[in-house]
There are 2 protein chains.
Amino acid sequence: MSGDMSRSAPTLEVVAALAGVSRATASRVLSGTGRSSSQAQEAVLAAAEKLGYVPNLAARSLVTRRSDAVAFVVAEDERTFFADPFFPTLLQGAQEVVADRGLQLMFMIVRDEPSHRRLVNYAAGGHLDGVMLVSLHGTDTMPQDLEARGIPVVLVGRPIVDEPLRSYVDADNQGGAASATELLVARGCRRIAAITGPMDMAVGQDRQAGYRRALADAGISYDESLVAAGDFSRESGERAMRELLAAEPAIDGLFAANDLMALGAMSAIGESGRSVPGDVAVVGFDDTPLAAQTRPALTTVRQPIAELGRAMAQCLLDRIAGSGRSEPVIVQTEIVHRTTA
Amino acid sequence: MSGDMSRSAPTLEVVAALAGVSRATASRVLSGTGRSSSQAQEAVLAAAEKLGYVPNLAARSLVTRRSDAVAFVVAEDERTFFADPFFPTLLQGAQEVVADRGLQLMFMIVRDEPSHRRLVNYAAGGHLDGVMLVSLHGTDTMPQDLEARGIPVVLVGRPIVDEPLRSYVDADNQGGAASATELLVARGCRRIAAITGPMDMAVGQDRQAGYRRALADAGISYDESLVAAGDFSRESGERAMRELLAAEPAIDGLFAANDLMALGAMSAIGESGRSVPGDVAVVGFDDTPLAAQTRPALTTVRQPIAELGRAMAQCLLDRIAGSGRSEPVIVQTEIVHRTTA
DNA sequence: CTGTTAGCGCATTCAG
DNA sequence: CTGAATGCGCTAACAG
């Protein structure tokens, strides 16, 4: 039967009293700022330990004007977020460097307008020193709203509106997509289809651009009936492939803009009685864990997702520390050869 | 080229000045507390809008001694969390009611000792009014640590150490598992295997207990060689089934303690050349979306996951509001008949 | 209905 | 090296 502590969180005041020093000294000892005699140090530490003292972060935040917390924000509905292993890996990378600096990382999903506003207010209210923004669609103004209030924002994925001032990290999407398509060409494919990502995001546009570029380089003319739009979900890949196959039965290669859609497409290909890679060679994008697990194993374009997360966090912390605006960070991709192409 | 706002977030003071009223009045208008003349109201609102005023939450928190934020904490590593659709659905349910009350929900994953301590300090530091704790293993003392500091905690899943005071919500795991096993018996299975969840969690113990009870009720003796331990991951289900089949080839029914393991087990069954449900009937637990999507579709025990999340949040908010300690909430389960059994 | 007053708990000057 | 004093921005009494 523990007593009700809710009315009596020990303050710095009482710690100092018990240690026989002033608040100021106690504060210095506990935050490691300034210097203090080992005598005072021991006394304060002992008192804090004994009382189970925990600093009141709101009070500290009020005076330091920092919160020591940053957010990892996903502008996507839960379903999408949890269905794609891309996100957790990114989160993990970011978490690593943030925790390393002793900051709190808070994770939030903002999908609708109300939650969008809540986030901005929350951050502007002083609870967030910075924001990492993932999966931004179209012309969402969240970054601007945040930056306008002095909150540094780092995006993962090139923002679709070109503003030189915006910080972001990204993979070489166009280069990766081009490599994937070249591989298909090298394998002898002639009717190479593509399932694109959401075209309201740079990642969708860039990967399609890579596909077109590689086709052009190979002297294959671009055929619109070989391109279908997806939204990065498995289901969209399956649906798109079904349509593609119906419209153009001679398809012998496929570039899917991410692994999840590639898997969906492979289901559709199988259903149609075709084999992979015998009848249709397939290349995905991301190299999520799923790619290696599926049968047949998926040939795909690897992007170093965790590194992307680390870079994003690093970039944000730098900006919070005030080291000016950082240049975009672009990480390279590489083909991972497995069995689907 | 927007000006640098970072040094000048407008305070209540300047809003009040611009509106020609006192801080107190401005505060009342903006927080909707107390009454104020429509005249003052208009003036304050206009001023706030014009200045882009956002309250400093740290300052408010310091005086109200509340943070208006609660956490959804998962004591599990990222991989596990993101692999199981159970969690996002739960989160969604919780998010609904939390957002409805205008509170912030922060999501955190605490897997190791450091992050564990960080969370407790963060909460004790006044940044959290309450905590929802998911997937608590063994004798983790996080709930006690938190409650000892006056932070209300609600668990999902019965805590494994029996303390009458702890608040939790849970499904009728034993009843559900018993129903599943009964179904297998009714289908004519005689050698019914079980793949359990982690036995350091009540959910693991309870579902196994349900299995044993149903077996006993049917007059079938419990055979240890028909039971293998899993950890709720797909891989563990696959591995367990392989071992089970090797040790006891005559198995004709399987109860898996969750859907993910059931799917893994079905892979192993397929690999062994057996068919589902022809040779081995299978029943899972949860009814996550995966259950309906897989081929053959999985017969399983449905628990209303989103409802569980809502109940959990509701329970927490009640406790924060001080309406005493709430009774455990137990939601009922039901069999969903598909094709695997 | 409104203004005045008084802290919330802490980090940080500035003297000593 | 240490203590006393100050104020961060806000809400909650309390008077008017």
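Here is the naming used below: chain letters follow the sequence lines, and residue numbers restart at 1 for every chain.
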**Nucleotide C:dG7, atom P - distance to CG of A:Asn56 in whole Å** = 18 Å
**Message:** Can you tell me if A:Thr11 touches the phosphate of C:dC8, counting only side-chain N or O atoms and a distance under 4.0 Å to OP1 or OP2?
**Reply:** no
**Prompt:** So, the side chain of B:Ser31 versus the backbone of B:Ser27: is there a donor-acceptor pair under 3.5 Å, distance only?
**Reply:** yes
**Asked** In terms of ring plane angle, is the pair B:Phe107 and B:Phe72 parallel, tilted or perpendicular, where the classes change at 30° and 60°?
**Response** parallel
**Request:** Scan side-chain atoms only and decide if B:Glu76 and B:His137 contain a donor-acceptor pair under the 3.5 Å cut-off.
**Result:** yes
**Fill in**
In the 5' to 3' direction, the nucleotides of DNA chain D bounding the stretch that comes under 4.0 Å of a heavy atom in chain A are D:dC1 to D:dG9
**Message:** Rounding to an integer number of Å, can you tell me how far B:Arg60 CZ sits from C:dC10 C1'?
**Reply:** 20 Å
**Request:** To the nearest Å, give me how far apart CD (B:Glu42) and P (C:dT2) are.
**Result:** 12 Å
**Message:** Can you confirm whether B:Gln39 is buried at CD, in the sense that more than 12 heavy atoms of other residues, nucleotides or ligands lie under 6.0 Å from that atom?
**Reply:** no
**Item:** NZ/NE/NH1/NH2 to OD/OE distance under 4.0 Å, B:Glu147 and B:Arg319
**Value:** yes
**Prompt:** When we call it a touch if two heavy atoms are under 4.0 Å apart, what does B:Ala58 touch: a base, just sugar-phosphate, or nothing?
**Reply:** nothing
**Fill in**
When rounded to whole Å, the CZ to C1' distance for the pair A:Arg23 and C:dG7 reads 12 Å
**Asked** More 5' along DNA chain D: B:Leu57 or B:Arg28, using each one's nearest nucleotide?
**Response** B:Leu57
**Request:** Taking A:Ser61 for its side chain and A:Arg66 for its backbone only, find out whether a donor-acceptor pair lies under 3.5 Å.
**Result:** yes
**Asked** Starting at the 5' end of DNA chain C and moving along, which residue's nearest nucleotide shows up first, B:Leu62 or B:Thr25?
**Response** B:Thr25
**Request:** Please report, rounded to the nearest Å, how far the P atom of C:dC1 is from the CD atom of B:Gln41.
**Result:** 10 Å
